Amino acid sequence: MITRGKKIYEGKANTIYETNDPNLLELESTDRISAGNGEKRDVVEGKGLTNNKISTLLFKLFEKNGIPTHYVCDGTNEHSKVVRKANMIKLEVIGRFITAGSFCKRYGIASGIPFDNMSFELCYKNDDLPEADPFISPSAAAYGLHLATIDQLEDIENYTYLIGLVAKDFFAKFGLTLVDFKVEFGIDVETGELILCDEFSPDTCRLWDKDGKSFDKDVFRKDLGNVSETYKKILEMVDVQ
Ligand code: TMP
């Protein structure tokens with residue numbers, strides 16, 4: 001049986017604990033929420049539960065579709081899961097189906113325009129730079145900064161397309177359109193395998209209903225309404241499945 005050990009990391013939204021197995025960790029989704037580079041912060045009652053539930057459902061679906069993930073089993077409470085320990089690759093991997101967010105700002109294009117196919121972007125995960133998490137090309141990431149090998153980056157790209165398709169179908173069942181998302185990968189410390197880590201939740205993607213209303217962290221980022229109610233509605237949607 002897996003038991004929880006000492007806390008080893010407290011991130012913006014998740015807390016990580018050691019376990020009695022050196023190759024496994026426990027990841028707890030908390031109710032903490034933040035935006036920007038952590039300048040805007042709050043606590044949203046129920047968010048940890050919602051995010052853990054959605055992320056767990058999706059990670060199980062990803063595994064079924066051939067994407068290796070860090071998910072092992074449910075954790076010691078409803079907010080947490082047991083995951084494989086990994087050396088994280090310092091990249092934020094973004095997939096987009098519809099224009100929104102920084103894409104619109106960067107390229108001066110209106111929000112809500114569908115892409116012909118999913119787009120794939122890489123950002124260097126580094127909060128210490130003057131521009132946090134800047135855009136990076138695969139060759140600069142591999143040959144310049146040695147964040148991952150070029151073969152690993154090819155796998156990351158292929159997995160990200162598949163993740164996008166699986167997640168899009170999942171949310172469509174609840175009448176929600178997946179607009180874009182961010183994922184992170186790591187290298188399993190025991191097996192050396194590239195695995196999907198972190199989470200896939202309304203904190204890390206954009207979801208719009210048929211009227212274009214946001215059901216994700218944009219409600220918090222842009223003060224669009226009651227954040228707690230929004231996350232509760234999402235939980236109700238996925239709970240009936
Ligand atoms: P962006 O439009 O701000 O670049 O965001 C694209 C998607 O990635 C959106 O669903 C939010 C998600 N995202 C994160 O989860 N964390 C981040 O740090 C960033 C920049 C984006």
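Keep in mind that this is a model prediction, so the values were computed, not measured. Order of listing sets the numbers, starting from 1, for every ligand and every atom in it. Residue numbers start at 1 and run along the sequence shown.
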Discussion item. Angle between ring planes, Y159 versus F185, binned at 30° and 60°: parallel, tilted or perpendicular?
Written reply: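 Correct class here is parallel.
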
Discussion item. By the salt bridge (charged side-chain N to carboxylate O under 4.0 Å, His left out) test, which pairs, at least two apart or in different chains, include something from residues 136-159?
Written reply: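 Listed by first then second residue: nothing to list.
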
Worksheet entry | Pairs satisfying salt bridge (charged side-chain N to carboxylate O under 4.0 Å, His left out), at least one member in residues 186-202, at least two apart |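 Counting only pairs at least two positions apart or across chains, the salt bridge (charged side-chain N to carboxylate O under 4.0 Å, His left out) contacts touching residues 186-202 are R84-D188, R84-E190, K182-D198.
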
Provide, line by line, the atom pairs where ligand 1 and the protein bring an N/O atom each to a distance under 3.5 Å; else say none.
unit_1   : atom_1 : unit_2 : atom_2 : d
ligand 1 : 2 (O)  : R96    : NH1    : 3.1
ligand 1 : 2 (O)  : S102   : N      : 2.9
ligand 1 : 2 (O)  : S102   : OG     : 3.4
ligand 1 : 2 (O)  : R206   : NH1    : 2.9
ligand 1 : 4 (O)  : R96    : NH2    : 2.9
ligand 1 : 4 (O)  : S102   : OG     : 2.5
ligand 1 : 10 (O) : D180   : OD1    : 2.6
ligand 1 : 10 (O) : R206   : N      : 3.4
ligand 1 : 18 (O) : E92    : OE1    : 3.2

Response to the item:
Students should find that the hydrophobic cluster of L25, defined by side-chain heavy atoms under 4.5 Å apart, otherwise consists of I8, Y9, I16, L27, V83

Item to complete: Verify whether one side chain among N52 and K81 offers a donor that lies under 3.5 Å from an acceptor in the other.
Response: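 K81 and N52 do have a side-chain donor-acceptor pair below 3.5 Å.
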
Discussion item. Can a side-chain donor-acceptor contact be found between E26 and S80 if the only test is distance below 3.5 angstrom?
Written reply: yes

